[in-house]
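First the proteins, then the strands, lettered A, B, ... as listed; each starts at 1. The figures here come from the full heavy-atom set of this structure, side chains too, leaving out hydrogens, waters and symmetry mates.
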There are 2 protein chains.
Amino acid sequence: MMPDKVTITVDAMGGDNAPGVVLDGVAQALAADAALEVILCGPADVVEPFAAEHDRCIPQAAAEVIAMAEHPANAVRKKKDSSIVVGCRLVKEGAAQGFFSAGSTGACLAAGTLVMGRIKGVARPALATVIPSPVRPVVMCDIGANADCKPEYLVQFGQMASIYAEKVIGIERPRAALLNIGEEDTKGSQFAQEAHNLLREQLPNFAGNAEGSDILPAKFDVIITDGFTGNVCLKTIEGTSKTLFKTLKGIMMSTPLTKLGALAIKGGLKQLMAQVSPDTYGGAPLLGVKGALLVGHGSSNALAVRNGVLTTASIVRTGVSDIIAQTVTAPRTARTTEGE
Amino acid sequence: MMPDKVTITVDAMGGDNAPGVVLDGVAQALAADAALEVILCGPADVVEPFAAEHDRCIPQAAAEVIAMAEHPANAVRKKKDSSIVVGCRLVKEGAAQGFFSAGSTGACLAAGTLVMGRIKGVARPALATVIPSPVRPVVMCDIGANADCKPEYLVQFGQMASIYAEKVIGIERPRAALLNIGEEDTKGSQFAQEAHNLLREQLPNFAGNAEGSDILPAKFDVIITDGFTGNVCLKTIEGTSKTLFKTLKGIMMSTPLTKLGALAIKGGLKQLMAQVSPDTYGGAPLLGVKGALLVGHGSSNALAVRNGVLTTASIVRTGVSDIIAQTVTAPRTARTTEGE
């Protein structure tokens with residue numbers, strides 16, 4: 001069965017290696033998905049020649065580029081003709097259903113919220129990601145959109161991330177846990193204790209507290225946390241994996257004998273490194289906005305862009321935004337639920 | 001030169017494998033350090049036979065044991081004859097200069113603060129640890145004593161951890177960084193931004209923000225954070241290392257050829273696993289109390305107990321508590337420093 005036709009806007013100028021790897025990734029995504037249409041946003045001299053050569057690719061001139069170092073909200077407000085703002089505006093106007101960029105995460109979050117708009121009832125859109133565990137995928141949310149949170153936001157983060165885990169990643173009946181510093185219900189900061197109580201009351205698939213050591217072993221399918229802790233945690237996993245692989249490589253290259261031994265396990269090791277690579281899912285979705293929005297790593301290669309564009313299409317096809325709009329309950333604080 | 005004579009109280013009943021591994025570890029520590037004296041606290045039938053057989057070991061009967069699951073502060077208040085409370089009281093009374101336990105971290109923190117007492121001027125004693133990086137040791141503080149912090153506490157955490165890093169771990173002129181979600185000064189939660197400003201003003205060796213990905217590569221020598229984030233982060237590193245090593249083992253054991261290859265790199269791999277093992281330094285010091293206090297992992301083996309007891313002696317010999325008492329400045333908030 002042919003999948004539903006989907007139109008995605010793509011930021012041709014996003015990422016450290018743009019536009020080269022973005023164009024390669026878009027070409028791969030178009031080849032992989034015959035029902036996909038891409039509106040490629042960027043300078044005319046970049047997007048027009050590429051679109052002329054590729055079926056189902058429409059050029060959309062956008063003269064400005066938002067740099068990584070710019071203040072996100074200010075840049076989005078000022079640069080109306082930037083590839084990020086234009087890409088989000090086309091979703092808002094209905095010309096496309098989703099947007100992908102490997103550019104400034106902050107600018108994408110700001111454009112998602114300011115241009116595409118929040119889903120009614122969502123207090124704070126949140127950034128989720130698939131933690132690349134060698135055991136099985138784990139969805140974490142928030143990973144950085146909201147450095148300062150109120151405990152009740154975390155109930156919505158849990159609701160939205162569970163929908164994403166089930167619909168897009170294909171985890172049936174995902175078990176969601178609160179990232180905390182102890183397994184017991186009474187552990188944690190005041191913030192974590194309040195969030196725990198709200199989650200227990202309001203999130204049906206809530207399974208209790210997770211500790212940092214439970215994430216990569218995939219003890220839970222969804223990890224709920226504030227954007228500060230989530231961002232620190234995600235980057236800690238990346239830094240730890242990278243350092244261990246680098247040290248391991250040093251060990252394997254140290255003598256002729258170890259080099260020979262390394263040959264035998266090279267295949268398996270490459271597979272493991274691919275499993276824990278953030279490129280597999282191609283990016284982090286901003287959940288809670290009207291339309292699909294996926295932000296790729298700045299260091300995305302063509303494969304990551306390909307997977308990012310295809311994942312954005314999958315978010316559209318599985319109707320994540322509509323389900324969130326129908327499911328997410330207005331944030332209730334402990335005070336309002338005390339009488340229950 | 002013979003090192004200074006030091007007397008350490010040891011909790012014979014602390015840890016998952018007590019008293020067996022504790023006794024083995026104490027015997028190894030006594031053998032390794034001829035100027036070390038141990039007062040072994042625990043049930044008479046455990047500590048007396050062992051002390052009778054070992055030079056420089058004094059038995060101290062303590063009939064009660066605080067279990068891992070007990071409420072820390074309540075247990076410390078009620079169980080005056082527990083090995084943890086007795087061990088700390090002997091330090092308070094001057095019979096010993098430091099205490100080591102692999103028992104309940106919460107009970108040790110409570111006993112350290114309630115029985116040994118805070119150093120004057122220290123707002124909150126904090127738990128530090130040496131992150132076992134394969135690159136070089138990194139001291140992190142707080143890793144869980146204070147789940148809720150005020151930004152000004154972090155200045156003292158940075159001061160105390162820097163002293164520990166220099167005196168006990170031997171890192172000259174340690175560079176200290178605030179764990180945050182971006183390198184730029186303006187990044188982070190409101191809490192992190194306030195802490196950043198205070199650290200920049202008040203900690204001479206402050207080197208800016210660290211991200212989660214900077215920890216294991218040892219980009220900085222000291223990582224300053226609140227007890228919630230620090231605890232999540234430390235356990236995330238442990239869980240990530242453990243999962244990757246386990247998966248790697250699966251790869252190496254998958255075929256006869258990979259098993260052969262694994263033989264060649266086994267030695268180097270074992271060395272790496274030892275480098276990233278928390279047993280090397282034997283525990284986490286509670287900084288800011290009057291006397292040395294080191295808490296070992298509940299899963300400590302005899303080597304970890306040995307190293308923990310020796311590290312406690314080293315904290316005493318290097319005069320960490322005295323230096324903290326002389327160095328730590330009273331916490332100043334942003335308000336009081338605004339006029340500078």
- Item | Straight-line distance of A/L257 CG to B/I265 CD1, nearest 0.5 Å | 10.5 Å
- Item | Pick from B/L234, B/L269, B/I215, B/V232 with the largest number of heavy-atom pairs that fall under 4.5 Å of chain A | B/V232
- Note: vs chain A, highest number of non-hydrogen pairs under 4.5 angstrom among B/G267, B/G212, B/G250, B/G268 is B/G212
- Note on the structure: Pair count under 4.5 Å, heavy atoms only, with chain A: among B/I181, B/L263, B/V135, highest is B/I181
- Message: As an exercise, state the distance from CG of B/L248 to CG of A/L272, rounded to the nearest 0.5 Å.
- Response: 7.0 Å
- side chain to side chain contact (heavy atoms under 4.5 Å, CB included) partners for A/A176, two or more places apart: A/S162, A/L203, A/N205, A/V222, A/I224
Show me the donor-acceptor pairs under 3.5 Å between chain B and chain A.
from	atom 1	to	atom 2	distance (Å)
B/D148	OD1	A/Q190	N	3.3
B/D148	OD2	A/Q190	N	2.9
B/I181	O	A/K235	NZ	3.4
B/Q190	N	A/D148	OD1	3.3
B/Q190	N	A/D148	OD2	2.9
B/E211	OE1	A/K235	NZ	2.3
B/S213	N	A/K235	O	3.3
B/K235	O	A/S213	N	3.3
B/K235	NZ	A/I181	O	3.4
B/K235	NZ	A/E211	OE1	2.3

- Task: Sort B/L179 into side chain, backbone, both or neither according to what part of it lies under 4.5 angstrom from a heavy atom of chain A.
- Result: both
- Give the minimum heavy-atom separation between A/G261 and B/A264, together with the two atoms involved. CA-CB, 3.9 Å
- Task: Flag the one option from A/A210, A/A69, A/P134 with the top tally of heavy-atom pairs under 4.5 Å to chain B.
- Result: A/P134
- Message: Given heavy-atom pairs under 4.5 angstrom as the criterion, report whether the side chain, backbone, both or neither of B/P217 touches chain A.
- Response: both
- Measure the CD1-CG distance between B/I237 and A/L216 for me, rounded to the nearest 0.5 Å. 12.5 Å
- Between A/A218 and chain B, which part of the residue has a heavy atom less than 4.5 Å away: side chain, backbone, both or neither? neither
